[in-house]
Amino acid sequence: AIEQNEFDLVEKFAGIVPTVVIAEMLGIDPEEHGRFKEWSDLVIQVGFNPLPTEEQLSDGDKARQQLDELFMEEIAKRREQPGQDLLSDMIRAEEAGDSLTVQEIIEQCRLLLIAGNVTTTDLIGNGVNALLEHPEQLQKLRDQPDLIGNAVEEMLRYDSPVLNTGRIMNRDVSVAGCPLKKGSSVAPLLAAANRDPAVYPEPDKFDIERADTHHQSFGGGRHLCLGAHLARMEAQESILGLLRRYPGLEKSPRGHTYHAMPTFRGFSEYWVRS
């Protein structure tokens with residue numbers, strides 16, 4: 001639907017892809033995608049904002065109510081006519097004696113939106129920015145699109161959408177000589193770990209052919225992000241599609257702005273032109 005030669009990548013592309021993908025996974029009618037995204041954005045605006053205004057709080061509450069009403073309507077439709085979508089699967093699990101109530105299904109849908117929206121938008125935006133700032137890497141990807149899998153892993157390492165996380169110690173340990181007591185809270189910096197010179201040769205270099213692209217951007221172990229595979233697929237497909245459509249894609253003089261969202265790193269707007 002992008003018709004302009006110059007556009008905000010976040011508004012017109014990176015911010016839309018994750019919401020539409022989640023809507024399609026849930027089986028939401030395409031005609032509802034516009035409202036679905038609008039309400040999702042308003043909920044997220046409050047959910048990740050430590051200092052929301054009264055207006056933002058009010059708009060967020062209304063949007064959450066509207067989303068819940070939409071989910072209630074969709075649940076009622078699926079009970080009458082189940083489909084091959086995630087919402088139908090959750091309903092079937094509940095009806096088969098599993099523990100999901102209607103409210104829990106709604107909350108799971110809301111969680112999908114909150115967890116899978118801004119993070120993937122930031123991954124796409126940060127990834128495109130890394131490519132445009134490194135034209136030799138961009139050209140390499142254009143020449144060898146099968147490098148996209150490795151490229152997205154390097155994007156995640158190089159400019160992680162999630163900067164830090166939280167943990168509570170379940171035993172007394174010592175990390176690099178620093179004692180940590182059981183029950184104390186720590187805030188591991190994922191983005192710093194991804195640039196650790198003891199782990200990565202030339203950690204500040206963006207290299208889509210890097211041999212070791214393991215990273216901490218999705219957490220790890222029992223804390224591994226459940227949406228990691230979906231986020232990877234969305235980034236791979238959307239970035240390749242963008243490059244195919246715009247062979248001359250470049251930054252616009254209108255520039256970019258980072259959003260003010262603690263823990264998350266990404267753009268509120270990022271202007272490009274073809």
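No hydrogens, no waters, no symmetry mates; every other heavy atom, side chains included, goes into these values. Keep in mind the model is a prediction, meaning the values are calculated, not measured. When a residue number appears, it is its place in the shown sequence, counting from 1.
- Lys251 has a carboxylate O that lies under 4.0 Å from a charged side-chain N of Glu133, or vice versa, which qualifies the two as a salt bridge.
- Checked for salt-bridge contact, Asp85 and Arg78 meet the test: a charged N lies under 4.0 Å from a carboxylate O.
- Looking at Asp159 and Arg265, a side-chain N of the basic residue comes within less than 4.0 Å of a carboxylate O on the acidic one, giving a salt bridge.
- In this structure, Glu107 does not pair ionically with Arg110, as no charged nitrogen and carboxylate oxygen lie closer than 4.0 Å.
- Here Lys140 does not pair with Asp143 in a salt bridge; the nearest charged N to carboxylate O distance is not below 4.0 Å.
- In this structure, Arg195 is not positioned above the aromatic face of Tyr200 in the sense of NZ or CZ being under 6.0 Å from the six-membered ring centre and within 45° of the axis.
- Checked for salt-bridge contact, Asp41 and Lys37 meet the test: a charged N lies under 4.0 Å from a carboxylate O.
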Checking ring pair (Phe, Tyr, Trp, His ring centres under 6.0 Å) for the pair Tyr158/His134: CA distance, chi angles, key distance, verdict? CA-CA 12 Å; Tyr158 180 77; His134 299 83; 5.7 Å; yes

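- Of the residues Leu132, Leu242, Asp8, the one that meets the side chain to side chain contact (heavy atoms under 4.5 Å, CB included) test with Val272 is Leu132.
- Salt bridge present: Arg232 and Glu153 bring a charged side-chain N and a carboxylate O closer than 4.0 Å.
- A salt bridge does not link Arg35 to Glu38: none of the charged side-chain nitrogens sits closer than 4.0 Å to a carboxylate oxygen.
- In this structure, Glu80 does not pair ionically with Lys77, as no charged nitrogen and carboxylate oxygen lie closer than 4.0 Å.
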